[in-house]
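Data block below; observations after.
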Amino acid sequence: MAQRTRPTGRTVLVLLFDDVQSLDVTGPVEVFAGAEKHTPGTYRIRTATLDGAPVRTSSGLTVVPDHALADAPEPDTLVVPGGQGTRDPDPRLTDWLRGHGPRARRLVSVCTGAILLARAGLLDGRRVTTHWAYSGRLARDHPAVDVDPDPIFIRDGNVATSAGVTSGIDLALALVEEDLGREVALTVARHLVVFLRRPGNQAQFSAQLAAQSARREPLREIQQWITEHPGANLSVESLAARASLSPRHFARAFQAETGTPPGRYVDRVRLEHARRLLEDTGDGVEEVSRASGYGTPEAMRRAFVKALGTSPAEYRRRFRPAPAR
């Protein structure tokens, strides 16, 4: 196995502008700073604005940068945060990104920072994500960009894009793991009280949030019952009987009111339940598969591979927090 090459003083440059989302900045910065404290000499973290002047974030905080962009060091990792300031950015910001973005080894966006990268032409032909509320706009305004609104972050070559706010922390942890290894990333996560590094292909919403809440009380009760009983018989026929509806009427009504077919909703709930058990308990795979409604470990394995691209055992190995020493 090839040994990991530890980076030596790689520059992480974070772009700042007025009305930037403060957590888009501080989340990744805290991750890289934590890794630097754990393994000194690995990251140099710098911030820069167009003219070197302080900026005011969308929440009212004032941030003083290290540099003007003209004087900033060439970045190894260039981080472009999002925020209200991406709606009508200064054209000079886009011009700088167009000229300097391709020089970075890694190009990273958090939330609507992807809009700035797209304006600079740096996402054409790439599969990317952004905050769910702006994914439609990104796809509409930049048809050459392949926008996937579901994952919390996506890696496409040397370009990494993430969804809203806290997902920037997940992406930064994944980059630290790439550079320094899993143990360092988990140590940083524990220090930040991030109990689990979420995989990039995790959906931006849980099943319950991704689906609309049904208007009619019987269907809302069914949604809640599914969540509380993932191991039960959740066939359309069984759920329809519980709602006192015919199977056909129930399936049509459930999809009309939640935006999700009942079978897909059940699949998502069961997957989330199984993941929580794998993350938070020491239960065996067979026990988890029964409790989550899969019946057999093989059925659960197929569901995990299809949805997450990994087996339950590997998922647990990678994403269950290690015991604190």
Side-chain angles (χ1 to χ4, degrees), residues 7 9-36 42-50 52 55 57-58 61 63-69 71-86 89-90 93-94 96-120 122-123 126 128-131 134 138 152-180 185 188-189 192 194 197 200:
R10 289 176 172 173
T11 298
V12 177
L13 181 64
V14 184
L15 198 62
L16 301 178
F17 45 86
D18 282 321
D19 280 330
V20 69
Q21 163 68 250
S22 57
L23 193 55
D24 287 5
V25 176
T26 57
V29 164
E30 289 292 346
V31 170
F32 287 114
E36 166 63 20
T42 53
Y43 296 115
R44 293 190 304 266
I45 304 162
R46 299 290 185 268
T47 57
T49 61
L50 271 171
V55 295
T57 71
S58 56
L61 298 175
V63 182
V64 180
D66 297 307
H67 307 281
L69 281 176
D71 303 322
E74 286 291 337
D76 172 80
T77 300
L78 176 60
V79 179
V80 182
Q84 296 176 12
T86 63
D90 189 313
L93 200 60
T94 305
W96 187 90
L97 281 171
R98 186 178 295 113
H100 291 77
R103 303 179 190 177
R105 182 177 67 91
R106 289 190 302 216
L107 198 54
V108 177
S109 70
V110 183
C111 195
T112 54
I115 293 176
L116 294 180
L117 294 182
R119 281 174 175 260
L122 299 174
L123 299 185
R126 301 281 191 173
V128 307
T129 193
T130 188
H131 191 289
Y134 297 93
L138 180 60
I152 60 171
F153 66 81
I154 291 176
R155 301 287 302 278
D156 187 341
N158 72 324
V159 175
T161 54
S162 62
V165 271
T166 58
S167 61
I169 295 174
D170 297 293
L171 176 52
L173 286 166
L175 298 178
V176 166
E177 178 176 356
E178 178 183 287
D179 291 341
L180 302 175
V188 174
L192 295 176
V194 179
R197 292 182 305 102

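Note: W96 and H100 have parallel aromatic rings, judged against thresholds of 30 and 60 degrees for the angle between ring planes.
F17 places a side-chain heavy atom less than 4.5 Å from the side chain of T86. Side-chain contact between Q21 and H131 is absent, with no heavy atoms from C-beta onward closer than 4.5 Å. Contact of the D179 side chain with the Y43 side chain is registered, since non-hydrogen atoms from C-beta on lie closer than 4.5 Å. Under the 4.5 Å side-chain criterion, counting only non-hydrogen atoms from C-beta, P75 is not in contact with R46. For the pair V128 and I154, the minimum side-chain heavy-atom distance is 4.5 Å or more. Contact check for T166 versus L23: side-chain heavy atoms found under the 4.5 Å cut-off. For the pair L173 and V188, the minimum side-chain heavy-atom distance is below 4.5 Å. Between V20 and L15 the shortest side-chain heavy-atom distance does not fall below 4.5 Å.
Side-chain contact annotation: D19 with S58, donor-acceptor N/O pair under 3.5 Å absent.
Of the inter-residue distances, the one linking T47 atom OG1 with L13 atom CG reads 8.0 Å to the nearest 0.5 angstrom. To the nearest 0.5 Å, the span separating CG on L116 from CG on L122 amounts to 10.0 Å.
Checked against side chain to side chain contact (heavy atoms under 4.5 Å, CB included), V63 has the following partners two or more places apart in sequence or in another chain: L16, V55, T57.
In terms of heavy atoms, L180 sits closest to A35 at CD1-CB, 3.9 Å. The two atoms that bring A120 and L97 nearest to each other are CB-CB, 3.9 Å, heavy atoms only. Of all heavy-atom pairs between T129 and T161, the closest is N-OG1, 2.9 Å. Here the closest heavy-atom approach between residue C111 and residue T130 is recorded as O-OG1, 2.7 Å. Minimum heavy-atom separation, A48 to A72: CB-CB, 4.1 Å. Across all their heavy atoms, I169 and V31 have their closest contact at CG2-CG2, 3.9 Å.
Between the side chain of T112 and the backbone N or O of G83 there is at least one donor-acceptor pair closer than 3.5 Å. Between the side chain of S162 and the main chain of S109, a donor-acceptor pair closer than 3.5 Å is present. R126 places a side-chain N or O within donor-acceptor distance of the main-chain N or O of D156, the cut-off being under 3.5 Å. The closest donor-acceptor contact from the side chain of D24 to the backbone of G82 lies under 3.5 Å.
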Please step through side-chain contact (heavy atoms from CB on, under 4.5 Å) for the pair L175 and R155, ending with a clear verdict. CA-CA 10 Å; L175 298 178; R155 301 287 302 278; 3.5 Å; yes

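Among R103, R44, R105, the single residue meeting the side-chain hydrogen bond (donor to acceptor under 3.5 Å, both in side chains) criterion with D76 is R105.
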